[in-house]
Amino acid sequence: SSGINAEWPLRPGEEVEAMKKYKFKAAPVPKAVKKPAALPNRVKSEKPTTKPVTPKLSKGKKRKFTEEKPKDFKAQPVPNFDKKASTARINKKSVEVKPFSFDQRYVDPNQSRAKLLENHLKELKE
């Protein structure tokens with residue numbers, strides 16, 4: 001093979017000869033790199049420069065404020081807490097406190113399905 005590393009390690013004299021035999025081949029440089037970059041042609045615009053114009057502020061039609069009398073404000077009366085509670089609140093149903101246990105509340109879905117199947121089968125037999 002044609003390379004420096006063909007028969008390594010070489011003796012000191014052979015190393016120089018092997019380097020001379022080896023030819024380095026680089027890829028050619030693209031032609032676009034050699035040419036100067038092409039810039040787009042700029043066309044000068046014929047538009048005139050912008051001139052500042054002060055805005056026209058109207059000095060007429062000023063709004064005149066008239067003094068208005070404040071509207072009468074009436075606060076809500078302070079509640080009287082000395083009165084007894086209304087009868088509607090007394091007659092409301094109260095919640096009954098019941099003891100709680102998971103055994104009574106929890107229903108196994110498989111057992112309830114089995115009962116439903118038994119009832120359904122009984123109805124079909126009748």
Side-chain angles (χ1 to χ4, degrees):
S1 68
S2 62
I4 297 174
N5 299 332
E7 302 166 9
W8 202 257
L10 299 174
R11 293 181 206 129
E14 293 176 351
E15 186 176 332
V16 175
E17 290 177 23
M19 289 176 77
K20 287 180 182 177
K21 287 182 184 176
Y22 180 73
K23 291 186 178 180
F24 176 76
K25 294 182 182 178
V29 178
K31 293 178 182 177
V33 173
K34 294 178 183 178
K35 293 181 182 177
L39 297 174
N41 294 333
R42 289 192 168 192
V43 179
K44 288 189 176 181
S45 62
E46 299 296 327
K47 294 180 181 178
T49 57
T50 306
K51 295 180 182 177
V53 179
T54 57
K56 295 180 181 178
L57 300 174
S58 62
K59 291 186 179 181
K61 296 183 182 180
K62 286 188 177 179
R63 187 173 175 194
K64 295 180 181 177
F65 293 99
T66 58
E67 287 188 31
E68 295 180 14
K69 292 182 180 178
K71 295 181 179 178
D72 291 334
F73 176 76
K74 292 185 180 179
Q76 295 292 323
V78 177
N80 186 359
F81 294 108
D82 294 336
K83 292 182 181 178
K84 293 181 180 177
S86 65
T87 56
R89 290 183 183 174
I90 293 172
N91 293 337
K92 283 188 177 179
K93 291 183 179 179
S94 61
V95 177
E96 294 179 29
V97 179
K98 296 180 180 179
F100 179 81
S101 70
F102 284 106
D103 296 333
Q104 293 174 355
R105 301 285 177 149
Y106 177 73
V107 179
D108 186 18
N110 294 330
Q111 288 180 356
S112 62
R113 286 183 186 158
K115 287 180 184 177
L116 286 172
L117 279 171
E118 288 176 17
N119 292 339
H120 187 65
L121 290 172
K122 285 179 185 178
E123 288 177 4
L124 290 175
K125 289 179 182 177
E126 293 175 358

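Keep in mind that what you see is a predicted model, and the values were worked out from it rather than measured.
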Return the [atom1] to [atom2] distance between [X] and [Y], rounded to the nearest 0.5 Å.
{"X": "Leu116", "Y": "Leu121", "atom1": "CG", "atom2": "CG", "result": "11.0 Å"}
{"X": "His120", "Y": "Arg113", "atom1": "NE2", "atom2": "CZ", "result": "15.0 Å"}
{"X": "Thr49", "Y": "Lys51", "atom1": "OG1", "atom2": "NZ", "result": "6.5 Å"}

Under 4.5 Å side-chain linkage, directly or through intermediates, the cluster mates of Val33
Val29

Does a sphere of radius 6.0 Å around CG in Asn80 hold more than 12 heavy atoms from other residues, nucleotides or ligands, not counting ones at 6.0 Å or beyond?
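It does: Asn80 CG has more than 12 such atoms within range.
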
